[in-house]
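The basis for the numbers below is simple: all heavy atoms, side chains too, and nothing from hydrogens, waters or symmetry mates.
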Amino acid sequence: MYAPHTVSLINQHGDDLYLTILRGVMVQDLERRAVLQAGDYDSSYTKIFIPFGVDARNADGEPVTYLPPRQYAKSHEPEQHWTLQADGEEAGRSSFFVRGEIPQAVSLAEARESYDNVIIVTSVSTRDYGQPGIQHWEVSSRINERTGANYE
């Protein structure tokens, strides 16, 4: 899988925020317009393809491993793990990305204020079929951070 990008993932564990740098992902910004009876609207969204073998490191540069959301929530060492959590109506509360590498974990509000290309996780699909080199998570965001509009 061609994966030339780096993203910073912020996970919330209790009241604490943890930063994971994921190197070797594919980020695709997708543009489309839809026309509804009430008029047209921009339905831009972002997809992130994360290979199972991604280089994942915490804020100290130490390798970390993936845990499914419920296991991550129960973990006593959240700094040693990362997860992908889609929160539905509370999107961005537990997992969000900033495109590129950032120096420390920040809240969603701080990320929106400080960085371009904030990507809120709204759905996660596990693609665990085929050869190991193509197995990945497909993360989607239906929130256009360039305008701040939510099209759910």
Side-chain angles (χ1 to χ4, degrees), residues 1-30 43-152:
M1 171 183 290
Y2 181 63
H5 301 123
T6 297
V7 293
S8 300
L9 170 65
I10 307 295
N11 284 128
Q12 183 171 350
H13 188 275
D15 292 331
D16 297 321
L17 298 172
Y18 293 92
L19 172 67
T20 302
I21 305 298
L22 301 176
R23 293 182 182 92
V25 303
M26 170 60 85
V27 180
Q28 292 182 346
D29 293 323
L30 303 160
S43 60
S44 302
Y45 61 101
T46 300
K47 286 197 179 267
I48 303 175
F49 300 89
I50 305 171
F52 284 0
V54 69
D55 179 12
R57 299 187 179 264
N58 65 19
D60 296 327
E62 299 294 322
V64 293
T65 56
Y66 174 82
L67 283 179
R70 287 191 181 111
Q71 289 180 25
Y72 182 82
K74 295 176 186 175
S75 171
H76 296 291
E77 297 178 323
E79 69 281 354
Q80 299 298 318
H81 305 284
W82 62 282
T83 195
L84 296 168
Q85 177 84 25
D87 294 317
E89 291 181 17
E90 297 181 36
R93 187 180 58 79
S94 295
S95 291
F96 67 91
F97 293 91
V98 176
R99 191 167 182 170
E101 190 170 333
I102 64 174
Q104 64 187 20
V106 294
S107 70
L108 178 58
E110 292 168 326
R112 284 180 162 162
E113 190 173 300
S114 301
Y115 301 104
D116 295 321
N117 297 308
V118 175
I119 303 162
I120 297 172
V121 177
T122 55
S123 70
V124 178
S125 299
T126 301
R127 309 295 190 199
D128 58 355
Y129 45 79
Q131 298 294 321
I134 63 168
Q135 295 177 345
H136 63 280
W137 292 280
E138 184 177 319
V139 179
S140 295
S141 171
R142 290 191 293 169
I143 297 176
N144 181 346
E145 286 301 323
R146 288 169 285 201
T147 63
N150 184 343
Y151 298 113
E152 290 189 32

(request) For Q71 and P68, indicate whether the former's side chain and the latter's backbone hold a donor-acceptor pair under 3.5 Å. (result) no
(message) Does any part of the side chain of V106, heavy atoms only, come nearer than 4.5 Å to the side chain of S114, both counted from C-beta?
(response) no
(message) As a test of understanding, state which of L108, T20, V118, L19 forms a side-chain contact (heavy atoms from CB on, under 4.5 Å) with I10.
(response) L19
(message) If I take atom CG from residue D16 and atom CD from residue E79, how far apart are they, to the nearest 0.5 angstrom?
(response) 9.5 Å
(request) Would you name the heavy atoms of T83 and P69 that are closest together and state the gap between them? (result) OG1-N, 3.2 Å
(request) For the residue pair V64 and H81, establish whether any side-chain heavy-atom pair is separated by less than 4.5 Å. (result) no
(request) Decide yes or no for V54 and Y66: does some side-chain heavy atom of the first lie under 4.5 Å from some side-chain heavy atom of the second? (result) no
(request) Please report the closest heavy-atom contact between F52 and R127, naming both atoms and the distance. (result) CZ-O, 4.1 Å
(request) Return the minimal non-hydrogen interatomic distance between P103 and Y115, and the atom names on each side. (result) CD-OH, 3.7 Å
(request) Using a cut-off of 6.0 Å, state whether more than 12 heavy atoms not belonging to Q131 lie near its atom CD. (result) no
(message) Would you compute the distance between atom CG of L9 and atom CD1 of I119 and round it to the nearest 0.5 angstrom?
(response) 10.5 Å
(request) Could you give me the CA-CA distance, side-chain angles and deciding distance for I50 and H136, then say whether side chain to side chain contact (heavy atoms under 4.5 Å, CB included) is met? (result) CA-CA 5 Å; I50 305 171; H136 63 280; 5.7 Å; no
(message) To the nearest 0.5 Å, what is the distance between OG on S107 and CZ on F96?
(response) 6.5 Å
(message) Parallel, tilted or perpendicular: which one describes the rings of W137 and W82, with boundaries at 30° and 60°?
(response) perpendicular
(message) Testing the basics here: between P4 and M26, what is the closest heavy-atom pair and its distance to 0.1 Å?
(response) CD-CE, 3.9 Å
(request) Answer whether the closest heavy-atom distance between the side chains of R23 and E101 falls below 4.5 Å. (result) yes
(message) To the closest 0.5 Å, what do you measure between NZ (K47) and OG (S140)?
(response) 3.0 Å
(request) State, with a plain yes or no, whether a side-chain heavy atom of Q135 is found less than 4.5 Å away from one of P51. (result) no
(request) Drop me the distance from L84's CG to I48's CD1, to the nearest 0.5 angstrom. (result) 8.5 Å
(request) Check whether any side-chain N or O of D60 sits under 3.5 Å from a backbone N or O of E62 as a donor-acceptor pair, and report yes or no. (result) no
(message) Out of the candidates N117, T46, V139, T6, only one should pair with V27 under the side-chain contact (heavy atoms from CB on, under 4.5 Å) rule; please name it.
(response) T46
(request) Quick one: closest heavy-atom pair of G61 and R57, and the distance? (result) O-NH1, 3.1 Å
(message) Are I120 and R112 packed together at the side-chain level, in the sense that at least one heavy-atom pair is separated by less than 4.5 angstrom?
(response) yes
(message) Are the side chains of F97 and R99 in contact, using a 4.5 Å heavy-atom criterion?
(response) no
(request) Could you tell me whether the side chain of S8 and the main chain of G100 form a donor-acceptor pair under 3.5 Å? (result) yes
(message) If the condition is salt bridge (charged side-chain N to carboxylate O under 4.0 Å, His left out), which residues does D116 pass it with, not counting sequence neighbours?
(response) none
(request) Go through the structure and list residues passing ring pair (Phe, Tyr, Trp, His ring centres under 6.0 Å) with Y72, not counting sequence neighbours. (result) H13
(message) To the nearest 0.5 Å, what is the distance between CD1 on I102 and CD1 on I21?
(response) 6.5 Å
(message) Show the nearest heavy-atom pair for residues Q80 and P63, with the distance to one decimal.
(response) OE1-O, 4.3 Å
